[in-house]
Amino acid sequence: MKRINYLLTGLMVIAGITQAISQETSVPQRGEIRDTEFIIRKDRVLSLPRQSRVFEKSPALPPVSTSINYNYQVKNFAATLAPVELKFQPYAKSFPKLENDQTQAIVKLGYGNYSSPLIQADYHYLDNDDYTFGAHLKHQGFYTGPVDGENSAEDHTAVLLNGSLYKDDFEVFGKIGYERDMHHFYGYTPDPENLVMQDSIRQVFGTLKAMAGLRRVDRTEPFDYEANVALRLFNDRFEAKESEVVIRANAGFRANDYLKGGINTLLAFTSPSDIYYDDIERNYFKLQPYVQYAKDAFKIKVGANVIQENDIVPNKSTELHVYPLLKMSYYVVPELGIYGSYEGDVIRNTYYDFIKENPFLGPSENLKNTIQNFQIDAGISGKANDQANYKIGVKYGDFTNMHFYGNNEMDSTRFQLIYDNNTKVVEYHASLDYVFDDWYQLDASAHFYQYTLDEIEAAWHRPEWEAKLNNTFTPDEKWLIHANLNAMGGIEALNLASSSQRKLGTIVDLQIGADYAITNRISAFAYGNNLLNQKYQRFNNYPVRAIQLIGGVSFKF
């Protein structure tokens with residue numbers, strides 16, 4: 001027991017000595033306050049060395065002056081060296097012209113029965129964007145005919161030059177040409193004992209035409225315009241002559257996408273002469289202001305026709321005519337729409353117009369314009385399957401001085417004009433055009449007329465009905481085929497020389513033509529007219545040629 005006490009007492013002594021030693025040798029901690037002794041000594045003296053001072057002022061700087069002039073001398077150091085010459089040459093690469101490239105000229109040569117040569121040439125310059133010009137030449141003759149061979153011959157020649165000059169905003173265009181048409185008055189009954197000399201019945205028409213004009217290039221601008229001046233000089237082999245100057249000026253203004261308006265003007269000075277008249281001045285002025293509104297399926301046009309003309313007509317009440325103009329249409333659906341119009345007008349007639357309609361016209365006592373007191377046209381139209389367009393309607397008009405034809409009372413081989421004081425015409429009409437898969441196209445139309453006359457018995461030499469059926473086939477790139485059928489009937493003829501009347505037979509003319517491309521530049525063609533071999537008469541005593549065939553080749557350059 002005593003040993004244990006002695007051991008515990010010894011351990012406690014050792015622990016106390018160890019703790020005292022560790023307190024004396026341990027490192028003080030941060031922030032710990034320890035017992036420290038400070039000694040203050042008063043015998044210490046702090047002294048600094050003596051420094052000298054400067055009492056002189058800083059010198060003043062001179063003021064800055066801005067009036068100093070700077071002169072620079074530029075000397076010319078001319079060097080007698082030749083300037084450097086740079087030669088530029090564009091890189092040229094050869095691009096071979098493709099075989100199917102656009103051509104500028106085409107020549108067609110052919111020949112057929114009735115001694116009928118065909119020569120046609122067309123040229124159009126395409127190598128400049130600022131101007132274009134072209135030329136057209138055609139001659140086709142039929143040097144024998146259905147009556148006494150050469151006594152019923154005819155030929156037609158036309159030469160035309162045209163061109164356009166394009167500027168930024170407008171186009172200057174013009175053309176000049178000459179037409180020569182030869183016919184014979186062969187409407188007689190052949191008699192072996194009484195030979196008719198060819199020179200005595202030959203008729204030749206010569207027409208010189210020229211025109212120059214100006215029009216806007218961009219037709220989508222709000223303001224649009226076009227004006228031209230045309231000159232025509234006409235004469236035949238006998239005593240008929242006619243000169244004409246026509247001035248046309250049209251201006252239009254588009255207010256927005258739906259509303260537009262404008263004014264169309266025509267001024268004509270015509271001077272005809274013939275056996276029965278000379279030094280006649282037929283003046284005609286027409287003014288047509290209009291306003292048009294079109295939105296969605298609805299369209300309406302309202303205007304007026306104001307005409308001043310000086311024709312000499314018995315019992316003429318006025319030379320100034322003012323007629324309303326109204327046209328409107330509405331499509332319920334694209335396949336079905338309705339339309340209607342009401343218009344009065346003065347239809348200008350010239351001797352040249354009559355000749356183009358009936359080349360066997362002889363001298364007439366007077367020339368008259370046709371007064372269209374009014375004409376109403378109404379019907380339906382539409383589009384089916386985006387391939388066919390149709391129109392069916394009826395017209396009713398009231399006319400003064402409508403012209404007709406009768407065999408001349410002095411020479412039945414020639415015709416003269418016959419006018420009716422008041423004529424009412426009902427016309428039923430229908431048309432259809434159809435396109436199928438880009439290889440077939442159909443254009444068909446039919447008209448039926450009913451006349452109510454005032455001073456004459458029948459609508460002499462006007463058809464009661466007429467129909468046209470035109471078919472175009474393009475089975476492949478090499479073939480182009482046309483098959484056309486023209487028919488008319490119900491023509492009443494009047495022979496004033498014999499005071500006889502008769503009804504001409506129905507006309508049915510079948511025409512078939514084909515073009516075959518041998519190469520891209522050469523093709524062959526063949527045309528046939530009156531293939532049903534009908535000896536019909538469009539004008540009394542003038543039978544037409546029977547089956548006529550013509551074939552040839554054409555070249556492209």
Side-chain angles (χ1 to χ4, degrees), residues 108-120 138-158 179-207 236-238 240 354-363 405-408 410-416 461 463 484-489 491 493 495 497-498 502 504-513 525-552:
K108 181 180 289 188
L109 303 174
Y111 193 83
N113 60 335
Y114 290 101
S115 302
S116 55
L118 171 63
I119 302 173
Q120 182 174 339
K138 182 178 181 180
H139 173 79
Q140 185 170 16
F142 306 90
Y143 293 108
T144 60
V147 177
D148 284 346
E150 295 182 354
N151 280 11
S152 54
E154 65 176 283
D155 66 41
H156 309 276
T157 304
E179 299 175 355
R180 180 186 181 277
D181 300 282
M182 185 269 289
H183 297 269
H184 287 84
F185 294 107
Y186 65 91
Y188 58 87
T189 302
D191 185 358
E193 298 182 359
N194 298 318
L195 297 178
V196 178
M197 302 301 297
Q198 180 184 0
D199 185 70
S200 65
I201 60 173
R202 186 170 68 249
Q203 173 67 290
V204 179
F205 304 124
T207 309
D236 69 1
R237 189 169 176 261
F238 298 94
F354 295 136
I355 284 295
K356 285 297 183 181
E357 190 175 68
N358 184 352
F360 309 109
L361 183 65
Y405 298 103
N407 294 85
N408 193 290
M410 303 298 296
D411 183 357
S412 63
T413 63
R414 306 187 184 194
F415 288 85
Q416 69 180 57
H461 282 95
N484 305 326
L485 182 68
N486 297 324
M488 65 175 61
I491 301 175
N495 191 333
S498 60
R502 73 185 187 104
L504 303 182
T506 301
I507 298 173
V508 180
D509 192 336
L510 176 63
Q511 306 168 357
I512 296 179
F525 66 88
Y527 304 140
N529 297 322
N530 195 16
L531 295 179
L532 299 180
N533 198 27
Q534 279 202 332
K535 296 182 179 180
Y536 62 82
Q537 298 180 18
R538 173 61 182 87
F539 296 101
N540 190 31
N541 297 332
Y542 279 87
V544 300
R545 293 179 294 272
I547 295 177
Q548 182 188 348
L549 303 174
I550 184 171

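Taking the centre of each ring, Phe525 and Tyr527 come in below the 6.0 Å mark. Ring-centre distance between Tyr114 and Tyr143: not below the 6.0 Å cut-off.
Two residues are said to be in side-chain contact when any heavy atoms from C-beta on lie closer than 4.5 Å; Phe360 and Thr413 fail this criterion. At a threshold of 4.5 Å between non-hydrogen side-chain atoms, the residues Pro146 and Tyr186 count as touching. Contact of the Asp236 side chain with the Gln203 side chain is registered, since non-hydrogen atoms from C-beta on lie closer than 4.5 Å. With contacts defined as side-chain heavy-atom distances shorter than 4.5 Å, the pair Gln548/Ser116 qualifies. Val204 has its side chain within reach of Arg180: a pair of non-hydrogen atoms, C-beta onward, lies under 4.5 Å apart. Side-chain contact check for Asp181 versus His183: some heavy-atom pair is nearer than 4.5 Å. Here the side chains of Val544 and Tyr536 are in contact, with some heavy-atom distance below 4.5 Å. Between Phe415 and Phe354 the shortest side-chain heavy-atom distance does not fall below 4.5 Å.
Ionic pairing of Arg202 and Glu150 is not present here: no N-O contact between side-chain nitrogen and carboxylate oxygen is shorter than 4.0 angstrom. A salt bridge does not link Arg538 to Asp509: none of the charged side-chain nitrogens sits closer than 4.0 Å to a carboxylate oxygen.
For the salt bridge (Lys or Arg N to Asp or Glu O under 4.0 Å) test, residues two or more places apart in sequence or in another chain that qualify with Glu179 are Lys209, Lys356. Remark: Phe185 engages no residue in a ring-ring contact (aromatic ring centres under 6.0 Å, His included) (not counting sequence neighbours).
Among all heavy-atom pairs drawn from Pro543 and Asn541, the shortest one is CD-O, 3.3 Å. Of all heavy-atom pairs spanning Thr157 and His139, the tightest one is OG1-ND1, 2.7 Å. Summarising the geometry of Asn533 relative to Ala546, their closest heavy-atom pair is OD1-CB, 3.0 Å, with the distance given to 0.1 Å.
For the pair Arg545 and Phe142, the cation-pi test (distance below 6.0 Å, angle within 45°) is passed.
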Margin query: His461 vs Asn540, test: side-chain contact (heavy atoms from CB on, under 4.5 Å). Steps then yes/no.
Written below: CA-CA 8 Å; His461 282 95; Asn540 190 31; 3.5 Å; yes
Next item on the list: Carefully, step by step, assess Phe205 and Ile355 under the rule side-chain contact (heavy atoms from CB on, under 4.5 Å).
Entry: CA-CA 9 Å; Phe205 304 124; Ile355 284 295; 3.6 Å; yes
Check: Passes side-chain contact (heavy atoms from CB on, under 4.5 Å), Tyr405 versus Glu357? Steps please.
Finding: CA-CA 10 Å; Tyr405 298 103; Glu357 190 175 68; 2.5 Å; yes
Margin query: Checking Asn486 against Gln511 for the side-chain contact (heavy atoms from CB on, under 4.5 Å) test, could you report, in this order, the C-alpha distance in whole Å, the side-chain angles of both residues, the deciding distance, and whether it holds?
Written below: CA-CA 8 Å; Asn486 297 324; Gln511 306 168 357; 3.7 Å; yes
Next item on the list: For side chain to side chain donor-acceptor pair (under 3.5 Å), just list the numbers for Tyr188 and Asp148, CA-CA rounded to whole Å, side-chain angles, deciding distance to a tenth of an Å, and then say yes or no.
Entry: CA-CA 10 Å; Tyr188 58 87; Asp148 284 346; 2.7 Å; yes
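Between the side chains of Arg414 and Asn407, no donor-acceptor pair is found at a separation under 3.5 Å. No side-chain donor-acceptor contact under 3.5 Å links Asn151 and His184.
Annotation: the span from Leu504 atom CG to Ile491 atom CD1 amounts to 5.5 Å, rounded to 0.5 Å. Interatomic distance, Ile201 CD1 to Ser152 OG, rounded to the nearest 0.5 Å: 8.0 Å. Separation of atoms CD1 (Ile507) and CG (Leu532) is listed at 13.0 Å; rounding is to 0.5 Å. With rounding to the nearest 0.5 Å, the separation of CG in Leu549 from CD1 in Ile512 is 10.5 Å.
Crowding of Lys108 atom NZ: a count of heavy atoms from other residues, nucleotides or ligands under 6.0 Å exceeding 12.
Formation of a donor-acceptor pair under 3.5 Å by the Asn530 side chain with backbone atoms of Gln534 is found in this model. Using modelled atom types, one side-chain atom of Asn113 and one backbone atom of Ile547 make a donor-acceptor pair closer than 3.5 Å.
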